[in-house]
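Each remark here refers to the structure printed beneath this line.
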Number of protein chains: 2
Amino acid sequence: MKDVAARAGVGLKTVSRVVNGEPGVTPDTERRVREAITALGFRRNDSARILRKGRTASVGLVLEDLADPFYAPLSRAVEEVARAHGALLINGSSAEDGERERELALALCARRVDGLVIVPAGDDHRYLEPEISAGIATVFVDRPAARIEADAVLSDSFTGAREGVAHLIAHGHRRIGFIGDLPRIHTAAERLRGYRAAMAEAGLAVDGSWVALGPTDPGRVRADAERMLAGRDSAAGPVTALLTGNNRVTVTVVRVLAGLERRVALVGFDDFELADLLTPPVTVIAQEPALLGRRAGELLFRRLEGSGEEPRRVVLPTRLIPRGSGEVPPHP
Amino acid sequence: MKDVAARAGVGLKTVSRVVNGEPGVTPDTERRVREAITALGFRRNDSARILRKGRTASVGLVLEDLADPFYAPLSRAVEEVARAHGALLINGSSAEDGERERELALALCARRVDGLVIVPAGDDHRYLEPEISAGIATVFVDRPAARIEADAVLSDSFTGAREGVAHLIAHGHRRIGFIGDLPRIHTAAERLRGYRAAMAEAGLAVDGSWVALGPTDPGRVRADAERMLAGRDSAAGPVTALLTGNNRVTVTVVRVLAGLERRVALVGFDDFELADLLTPPVTVIAQEPALLGRRAGELLFRRLEGSGEEPRRVVLPTRLIPRGSGEVPPHP
DNA sequence: TTGAAAGCGCTAACAT
DNA sequence: ATGTTAGCGCTTTCAA
């Protein structure tokens, strides 16, 4: 910028004015400055600008896996909101590891992102307290923060799961299994709670072997599904229906069921592409990942614009979409 | 940092040394500094650090749509490479708009990202020349740069499409349609070229109504597919097989075919989740989006480490995966 | 082993 | 309308 000023024969501040479109420059001066800018290939250094202004016009997003079909639209939605506010989005995947979430979030804070959207993996977010009080707006999405008060945008996992299981019960099922994510993950715990609530409301006992929580890698999910479907561990017999705890689990279970002779009912948490073209089409409890992301982004920027409201929890409803797999009657 | 130094009763540089793990500090001094850091909740301001060092330890990625199942794993792979090199990833979606691509790329350059990975949407990348000569390493992925020399990591679209069409021909098809992306997109043009090559090699004429390029929104794709399948525009009659130009197109066409009485053969460009569980399972020409991303990231960091090689074009092979839909015989 | 001073490139505040 | 000065928070350089 100094060079531009020298070349245009003007002061530093005049160049700054031109670059930033500030008023108070004669057209003629402006033209000279622009020429110098072009000639020198000058481009404003935003690092310096950021340092001076104290705002980075960037927000960070920490989620589990950018490539997960559930989180990709969420991320895209946050990006759209950021873009609408002139901010860039810095992304990081935590791989469901609390330590990595922490590292990423703190790295983003060190860069002085204006705000942070986090899909929490860890179980203690007190590490963010100093950052939040230092002014970094923070919104949690998909799962609430642990051990601190903060904004959160969630889906109603409990009600969703309860409705899904009630749906299976209404179609005659009595032995229903639940295969979910790691129990330390809030949504997994809530969905399990919903499952239990629906069973209890129908007066059905839950056999211990009907519930399997764990990592969502296909190997684990497949093993648990096969075990439940064989029913050897259970005095009560094999399950005739399954509730799956998220889109990763559902996809694996669909594969397991595809290899089976008998029809097993299935309700999956999360909608997924092509669910309606499978045989049978898959009944799901749909969330709206893009809406989660959008709401989180909006909440974040409202905070950034200085709304001093109390931390807020937004809970979005889920929607049961019957497509066929959830309406399969129990196998005799 | 100044405050920390004051509180610990040491010089500024000593704090800097401790924060950055540089040698030359007695354990006792270090302890005092660390105490002060904790007490004050100090966190290094990376903006200032970046300004001083001239390196941001961040790379930018501009792609079409972060939420597209093809690009999501690509993005994730670039992120992994960046992470391995201690860098953060800033993401932006161009929505297939050249102007937006340009804006995003220049915004990232203004932030002085160390490097840039771009899935080009525009058709002229000369705007990047000053940035590249200013030292911002740039790698194009999925499609080559236009009008500048630069590294590129691509899939072999031409060969992939040619093999796909040859496969359909080998299964008896003579009237084969191609539904692809906008013709200005390099991959779409290459795939069309592959389609034409395979037809020509088999001595088959291509009716004008058998080729439809355009945006990949479901409405357009559906209309074109239905038109080709009805065959009213064509003296040669309706097509008995289709090649689809990318995963978005394939998914829409699968829906169209699902509503049809007669069986139409289909080979889709790009693999996609659950392709093997559809009826019939979908034969695809698979790319490896994660590998594209990884290679691009690796190339980028090799450049950053100062390899002065000529711009390089890496072309990855595609793989035909027969699953059923591509082996359907022609309808009489 | 430690620290003082200079300066990265920009903008805010205050001249002129 | 334009320029000058100070300083954002850090690292680099060089001296103690």
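All values below were derived from every heavy atom in this structure, side-chain atoms included, with hydrogens, water molecules and symmetry-related copies excluded. Source: prediction; values computed, not measured. A, B, ... follow the sequence lines: proteins, then strands. Residue 1 opens every chain.
Looking at the side chain of Leu51(A), the nearest of the listed nucleotides dG9(D), dT11(C), dT11(D) is dG9(D).
Side-chain N/O atoms of Thr14(B) include none lying less than 4.0 angstrom from OP1 or OP2 on dT2(C). OP1 or OP2 of dT2(C) lies within a sub-4.0 Å distance of a side-chain N or O belonging to Thr26(B). Look at Lys53(A) and you won't find any side-chain N or O under 4.0 angstrom from OP1 or OP2 of dC10(C). OP1 or OP2 of dT2(D) lies within a sub-4.0 Å distance of a side-chain N or O belonging to Thr29(A). Residue Ser16(B) places at least one side-chain N or O closer than 4.0 Å to OP1 or OP2 of dT11(D). Asn20(A) has a side-chain polar atom (N or O) that falls below the 4.0 Å cut-off from OP1 or OP2 of dT11(C).
Exactly one residue among Leu61(B), Leu74(B), Asn91(B) makes a side chain to side chain contact (heavy atoms under 4.5 Å, CB included) with Leu66(B). That residue is Asn91(B).
We find that CZ of Arg32(B) is positioned 11 Å from C1' of dT2(C), with the value rounded to whole Å. Summarising the geometry, the separation between CZ on Arg49(B) and C1' on dC8(C) is reported as 14 Å, rounded to the nearest angstrom. At whole-Å resolution of the value, CG in Leu12(A) and C1' in dT2(D) are 12 Å apart. dC10(C) atom P lies 10 Å from atom CD1 of Ile37(A), rounded to whole Å. Here dC8(C) presents its P atom at 12 Å from CG of Asn45(A), a figure rounded to the nearest Å. Note: CD (Glu30(A)) to P (dT2(D)) measures 10 Å, nearest angstrom. One atom, CZ of Arg52(A), and another, P of dA13(C), lie 8 Å apart when rounded to the nearest Å. Atom pair Met1(B):CE and dG3(C):P shows a separation of 13 Å (rounding to whole Å applied).
For a distance-only test at 3.5 Å, the side chain of Arg112(A) fails to qualify as a donor-acceptor partner of the base of dG9(D). For Arg17(B) against dG3(C), a side-chain N or O and a base N or O form a donor-acceptor pair under 3.5 Å.
Within the 3.5 Å criterion, the main-chain N or O of Pro311(B) finds no donor-acceptor partner in the side chain of Glu149(B).
With hydrogens and angles left out, the side-chain atoms of Ser157(A) and Ser155(A) include no donor and acceptor closer than 3.5 Å.
A salt bridge between Arg76(B) and Glu80(B) is present, with a side-chain N of the basic residue lying under 4.0 Å from a carboxylate O of the acidic one. In this structure, Asp3(B) does not pair ionically with Arg7(B), as no charged nitrogen and carboxylate oxygen lie closer than 4.0 Å.
Nearest-nucleotide assignment on DNA chain C puts the 5′-proximal partner with Lys13(B), out of Ala48(B) and Lys13(B).
No engagement by Asp46(A) is indicated, since no non-hydrogen atom pair under 4.0 Å with the nucleic acid exists.
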